[in-house]
Amino acid sequence: MSKGHATAWGQLPLSLNQLCLATVLRCGQSFRWKASGPDEWSCGFPDRIISLRQSPTHLHYRATFPSPPPPSSKDDTIEIVKDYFNLSVDLAALYEKWASADPNFKKKAGEFRGVRMLRQDPWECLIGFICSSNNNISRIGQMVDKLCATYGTPLGTITHTSTNPLSPSSASAENKTPPTEVPYYSFPKIEALTGSDVEETLRKLGFGYRAKYIYKTACMVQNDRPKGFLKTLRDDKDYKEAHAELIQFTGVGPKVADCVCLMSLDKMGAVPVDTHVWQIATRDYKFGKGKHRSLTPAIYEAVGDLFRDLWGDAAGWAHSVLFTADLRTFSDRLENTKTTTTVNSKTKVKIEVKEEEVEVKEEEEGEEEEVKEEVIKTVEKRVRKRGANGKVKAEVTIKTEEVTERRTRRRRG
DNA sequence: ATCTAGCCTGTTGG
DNA sequence: ACCAACAGGCTAG
């Protein structure tokens with residue numbers, strides 16, 4: 001059990017169409033949730049650790065407090081959870097709307113249900129996305145962990161039990177990883193990041209040039225803004241106003257500002273345009289027809305407008321579904337790829353079956369064009385797993401892929 | 001208005 | 001195993 005004072009598990013009814021925990025907590029909105037067990041996730045909040053599990057019908061939650069609560073106090077964790085996951089928004093209804101307006105959304109959404117926007121703390125969101133510049137999700141998570149461990153408040157530990165399914169090579173017999181006690185921390189308060197040593201410390205921790213951005217932004221929020229400034233961007237300002245305020249901070253450009261607007265300030269129409277969204281716009285929606293070389297502010301806004309015209313007021317929420325579908329982490333769910341998971345008592349085998357696919361890309365007339373043909377051949381292999389008694393336990397077909405790529409550059413016109 | 005180089009460094013794919 | 005190139009950009013010029 002965890003050191004700390006854990007409450008009993010509570011639950012609230014919730015369908016997978018409203019929330020898919022394993023997707024939402026890994027798609028790069030928040031960088032702090034850890035897998036604390038098989039299908040269990042934990043994260044430090046200001047005064048407690050919250051742990052979550054999900055069944056097809058319910059979301060299960062419990063809190064672990066650093067010190068025992070007074071006997072009469074009632075646990076308000078459910079309120080925090082409802083707020084954090086924006087549960088007053090009916091996501092399934094929105095999916096219906098987006099799917100009827102956009103065939104491409106309809107096609108992708110099937111494998112990515114329950115992708116909703118979190119309603120995070122604006123300060124945490126701001127710092128998290130300053131870390132995200134020119135960076136990958138895995139490293140951002142590690143950086144935010146270090147930030148919390150260095151400048152946050154200890155909240156106790158959570159017992160982590162083995163999370164990843166045993167890899168086929170080491171799947172034999174008894175190699176369970178033993179449970180470990182993992183410390184959790186709150187996210188640092190604003191004041192904690194205004195110390196004169198902060199930039200240097202963060203550089204030593206591997207934050208690179210982002211160390212200065214974090215320190216300077218903390219100082220600006222703390223010293224040059226009224227108390228509670230970021231929350232007023234949520235309550236008193238519209239999207240454009242909030243965005244304009246956010247890009248005043250060092251290390252915050254249009255993209256980071258849109259992330260903060262969308263994920264913490266209730267601005268559902270904010271569409272952060274990063275390399276993924278740019279890819280989606282040009283590849284799937286033929287934006288600009290290959291004309292643009294770089295993402296200027298004007299083009300940045302035009303991409304957002306494209307999606308706002310298509311999906312409406314909550315375009316930022318819709319964008320997140322397609323963004324998530326574009327992440328490599330979830331590439332096993334792509335439509336031309338079917339995955340089967342075979343489970344017996346000791347082994348989990350994941351098999352990817354990729355269907356044959358021939359893709360020809362063409363760009364517009366008059367320009368130099370690159371024609372890329374990607375041919376994926378699949379080779380079948382049948383594998384039988386037998387138990388000690390020789391009885392067949394499982395039979396699977398594994399298809400491995402051979403990819404050949406042909407590139408030709410030529411001029412037309 | 002628009003473009004470019006430079007920035008830090010862990011992860012990832014060849 | 002190693003080594004580039006990339007990664008959910010921003011700033012200054």
Side-chain angles (χ1 to χ4, degrees), chain A residues 23-33 112 115 117-118 120 124-147 198-218 220 243-264 270-284 288 291-304 307 316-332 374 400-405 407:
Chain A
T23 306
V24 168
L25 298 183
R26 292 190 302 148
C27 72
Q29 292 190 54
S30 166
F31 306 104
R32 272 181 344 116
W33 288 89
F112 291 90
V115 180
M117 298 315 304
L118 302 175
Q120 303 183 61
E124 173 178 343
C125 196
L126 178 60
I127 298 301
F129 281 96
I130 288 176
C131 292
S132 79
S133 76
N134 213 352
N135 210 344
N136 55 65
I137 294 176
S138 163
R139 185 178 168 214
I140 301 163
Q142 293 181 45
M143 285 166 60
V144 174
D145 275 348
K146 287 177 187 172
L147 194 65
V198 168
E199 181 180 344
E200 187 193 342
T201 302
L202 292 182
R203 275 201 176 262
K204 283 181 187 158
L205 290 173
F207 281 63
Y209 55 84
R210 303 164 197 88
K212 180 160 65 182
Y213 297 164
I214 292 168
Y215 168 67
K216 284 189 139 186
T217 293
M220 288 171 80
H243 192 272
E245 291 289 352
L246 288 169
I247 58 176
Q248 300 305 310
F249 295 118
T250 314
V252 179
K255 188 269 178 181
V256 169
D258 271 328
C259 288
V260 177
C261 282
L262 178 63
M263 303 176 194
S264 73
V271 179
V273 182
D274 54 36
T275 54
H276 287 268
V277 178
W278 178 245
Q279 291 301 314
I280 292 166
T282 54
R283 181 192 62 211
D284 301 338
K291 274 190 174 124
H292 306 290
R293 300 195 164 273
S294 62
L295 192 57
T296 64
I299 298 173
Y300 182 98
E301 204 175 328
V303 173
F307 289 127
W317 281 53
H319 124 283
S320 176
V321 178
L322 296 195
F323 171 85
T324 302
D326 210 58
L327 286 178
R328 203 172 44 234
T329 321
F330 302 113
S331 62
D332 59 349
E374 195 171 279
T400 51
E401 40 178 285
E402 280 176 14
V403 184
T404 39
E405 215 173 69
R407 286 167 183 273

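Heavy atoms only: backbone and side chains are in, while hydrogens, waters and symmetry mates are out. Chain letters run A, B, ... following the sequence lines, proteins first and then strands; every chain starts at 1.
Among the atoms of the strands shown, only primed sugar atoms or phosphate atoms (P, OP1, OP2) are found under 4.0 Å from some heavy atom of A:F249. As judged by a 4.0 angstrom heavy-atom cut-off over every strand, A:V277 is placed among residues making no nucleic acid contact.
When the P atom is used for both C:dA5 and B:dA5, the distance is 16 Å, rounded to whole Å. Between B:dT12 and C:dG9, the two P atoms lie 16 Å apart (nearest whole Å). Taking atom P on both nucleotides, C:dT11 is separated from B:dG10 by 23 Å, rounded to a whole Å.
Applying the Watson-Crick and G-U wobble criteria (two distances, each under 3.5 Å), C:dG9 pairs with B:dC7.
Each of A:V252 and A:R26 was assigned the nucleotide of DNA chain C with the nearest heavy atom; the assignment lying further toward the 5' end belongs to A:R26. Between A:M263 and A:K216, the residue anchored closer to the 5' end of DNA chain C is A:M263, taking for each the nucleotide with the nearest heavy atom.
Closest approach of A:L246 to A:C261, counting heavy atoms only: CD1-SG, 3.8 Å. The minimum heavy-atom distance linking A:K216 with A:T250 is given by the pair CB-OG1, 3.8 Å.
In this structure the side chain of A:L118 reaches within 4.5 angstrom of the side chain of A:V24, judged on heavy atoms.
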Practice task
Between protein and nucleotides 9-14 of chain B, map the contacts as a letter string: B base, S sugar-phosphate only, - none, heavy atoms under 4.0 Å, written 5' to 3'.
Solution key: BBSSS-
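The base of C:dG9 is paired with the side chain of A:Y209 by a donor and an acceptor separated by under 3.5 Å.
One can place NE2 of A:H276 at 11 Å from C1' of C:dC6, the figure rounded to the nearest angstrom.
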Below 3.5 Å between N/O atoms, which protein atoms pair up with nucleotides 1-3 of chain C? Just atom names and distances, please.
none

